[in-house]
Amino acid sequence: MSNVQPVRGTKDLLAQEMRRHSLVETAAEHIAGRFGYAKISTPIFEFTNVFARTLGDTSDIVTKEMYTFQDKGGDSLTLRPEGTAGVARAFISEGLKQQTPYRAFYSGPMFRHERPQKGRMRQFHQIGVELIGVGEPVADVEVISLGVALLRELGLLNDTVLHLNTLGDSESRSAYLAVLVDYFKGHEKTLSSDSRERLTKNPLRILDSKATEDQSIIANAPAYSDYLTTEASAFFTQVRTGLDDLDISYVLNPKLVRGLDYYSHTAFEFVTDKLGAQGTVLAGGRYDGLIEMMGGPATPGIGWAAGIERLSMLLDDVPAPIRPIAIISMGAEADRMARKLAYDLRLDGFAIDMAYRGNLSKRLKRANKLQARAAIIIGDDELGRDSATLRDLDSGEQQHVPLNELANLLMPFREDFGGA
RNA sequence: GUGGCUGUAGCUCAGUUGGUUAGAGCACCAGAUUGUGGAUCUGGGGGUCGGGGGUUCAAUUCCCCUCAGCCACCCCA
């Protein structure tokens with residue numbers, strides 16, 4: 001093992017793993033495209049306050065997980081820890097209010113300074129969608145159904161369960177929070193130390209505590225459903241009805257709480273039990289106050305993000321690399337002619353491998369290792385006759401073919417590059 | 001940020017109760033085979049035993065620190 005190591009929590013994606021990532025990413029882009037979500041790319045870093053202001057001063061992401069640095073002009077910049085804030089900023093900067101409903105799909109690296117773990121990296125990759133400018137519950141249903149469609153496309157729908165909750169509107173939320181904090185304060189002495197922290201930072205989180213000493217207290221806690229305004233309650237009902245109409249199944253999870261301040265109303269997570277403690281694979285919710293909070297026009301929004309690493313770990317089929325056609329030449333003259341042939345065939349859409357050195361035996365071995373479908377062999381014999389030897393590497397059959405018929409005969413061996 | 005486990009070749013792992021020059025399988029390179037692959041045989045290259053310090057005549061082995069990986073907590077995709 002070398003001393004030269006990647007930075008903690010980062011990793012190199014080599015051929016096979018890269019193919020898995022690409023598969024997830026292109027599937028997402030295609031599905032999002034069908035729903036009318038256009039791909040966008042926002043910068044990988046933003047002014048620090050883009051994240052600090054929106055994610056909430058007490059959220060873990062802001063208090064301890066951001067990669068923040070000063071640039072040479074003295075501005076405080078931050079590597080994006082998530083995608084929504086950047087899209088919201090772009091929405092404001094670019095005046096996209098004109099284009100609402102605005103639908104965006106993004107994909108790219110995110111950065112959080114956390115302790116690495118299974119399914120958790122300091123640089124990781126997310127795909128995500130945002131639907132901005134639609135306050136009606138149909139938007140929630142559409143965005144969730146887009147998530148379902150992606151998981152279905154990846155063959156992962158059966159590995160996940162959709163958890164659904166509502167965080168209500170701000171009126172419901174402040175009413176409930178008051179009651180809840182009051183209740184937990186009454187049990188402060190018996191709460192776990194983590195939950196005592198949460199009492200000031202994020203009381204809703206206590207409901208999701210894993211500490212055994214908290215369980216009985218949680219069980220008797222007041223229920224959010226009793227404090228929802230009729231509007232918030234009706235909104236949630238419409239979301240559920242919409243999901244039912246699409247035959248999308250879900251479980252209600254009153255303990256599902258999002259960590260970031262900007263969420264309201266619908267919150268959802270697709271969870272798997274196959275990734276250890278990091279079971280959340282695709283999650284999101286509604287963020288009606290976010291854009292206004294950032295200084296833009298009051299505009300509702302909803303979206304989700306999914307972890308490419310986590311999704312690709314669930315994939316059991318590793319996409320195979322393209323099977324090339326090997327061109328094998330012998331002799332200086334044949335070699336020059338074969339290089340030209342390789343170039344022409346590549347321009348024609350074929351995947352061609354051609355070794356740089358080695359005798360026929362070596363090159364066939366190499367072709368075999370690359371899983372080449374066929375080999376085109378060109379030596380002195382073939383040169384003199386303007387022909388080539390075409391060998392099917394699966395069957396072992398070979399034939400002499402005139403050079404001008406080669407491209408046609410190769411058609412059965414043409415590889416589809418889609419997705420790979 | 002907290003706790004537990006683990007670091008020997010590119011990969012998977014042996015080994016050393018502290019003692020010459022640290023091994024195997026797979027992978028890689030070459031030859032058997034200067035025009036025929038997937039098999040076999042022969043040979044070869046590749047190691048700061050994660051890094052630093054300490055104890056010792058002697059450390060890959062024991063001790064301390066550190067770095068990294070894995071797992072869990074916290075939190076999240």
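Throughout, protein chains are lettered first and strands after them, A, B, ... in sequence-line order, and every chain is numbered starting at 1. Not measured: the values here are computed from a predicted model.
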* Asked: Counting side-chain heavy atoms from CB outward, which of B/rC70, B/rA77, B/rA72 is closest to A/Ala277?
  -> B/rA72

* Give the nucleotide from the list B/rA68, B/rA77, B/rA72 with an atom nearest to the side chain of A/Gln5. => B/rA68

[Y] versus [X], side-chain donor and acceptor atoms under 3.5 Å:
X: A/Ser195; Y: A/Arg198; result: yes
X: A/Arg240; Y: A/Tyr250; result: yes
X: A/Thr68; Y: A/Thr78; result: yes

Report which part of the nucleic acid [X] touches: base, sugar-phosphate, or nothing (heavy-atom distance under 4.0 Å, all strands).
X: A/Arg310; answer: base
X: A/Gly279; answer: nothing
X: A/Met121; answer: base
X: A/Glu114; answer: base
X: A/Ala367; answer: nothing
X: A/Gly284; answer: nothing
X: A/Arg363; answer: nothing

How many Å lie between [atom1] on [X] and [atom2] on [N], as a whole number?
X: A/Glu213; N: B/rC73; atom1: CD; atom2: C1'; result: 13 Å
X: A/Arg122; N: B/rC70; atom1: CZ; atom2: P; result: 11 Å
X: A/Arg112; N: B/rA77; atom1: CZ; atom2: C1'; result: 6 Å
X: A/Asp12; N: B/rG69; atom1: CG; atom2: C1'; result: 14 Å
X: A/Glu82; N: B/rC75; atom1: CD; atom2: C1'; result: 14 Å
X: A/Arg115; N: B/rC74; atom1: CZ; atom2: C1'; result: 11 Å

* Which letters describe nucleotides 27-40 of chain B, given B = protein heavy atom under 4.0 Å from base, S = only from sugar-phosphate, - = neither? -> -SSSS-B-BBBB--

* Could you check whether the rings of A/Tyr224 and A/Tyr176 sit parallel, tilted or perpendicular, using 30° and 60° as the cut-offs? => parallel

* Asked: For the residue pair A/Tyr263 and A/Tyr287, does the interplanar ring angle fall in the parallel (under 30°), tilted (30 to 60°) or perpendicular (over 60°) class?
  -> perpendicular

* Asked: Reading RNA chain B 5' to 3', what string of ( ), [ ], | and . shows its pairs, if Watson-Crick and G-U wobble pairs count only when both distances fall under 3.5 Å?
  -> (((((((..((((.....[...)))).(((((.......))))).....(((((..]....))))))))))))....

* Does A/Glu114 come within less than 4.0 Å of A/Arg120, counting only side-chain N to carboxylate O? -> yes

* Using a strict cut-off of less than 4.0 Å between a Lys/Arg side-chain nitrogen and an Asp/Glu carboxylate oxygen, indicate whether A/Glu29 and A/Lys39 qualify as a salt bridge. => yes

* **Separation between CG of A/Leu156 and CG of A/Leu314, rounded to the nearest 0.5 Å** => 5.5 Å

* Asked: How far does the C1' atom of B/rU60 sit from the matching atom of B/rG18, given to the nearest Å?
  -> 10 Å

Does [X] make a side-chain N or O approach to OP1 or OP2 of [N] shorter than 4.0 Å?
X: A/Lys210; N: B/rC74; result: yes
X: A/Lys118; N: B/rC70; result: no
X: A/Gln278; N: B/rA77; result: no
X: A/Arg198; N: B/rC75; result: yes
X: A/Arg8; N: B/rG69; result: yes

* **Residues that A/Val138 engages under side chain to side chain contact (heavy atoms under 4.5 Å, CB included), provided they are two or more places apart** => A/Glu136

* Might you confirm whether atom CZ of A/Phe35 has over 12 heavy atoms from other residues, nucleotides or ligands at distances under 6.0 Å? => yes

* Give a yes or no on this: more than 12 heavy atoms of other residues, nucleotides or ligands lie within 6.0 Å of atom CZ of A/Arg339. => yes

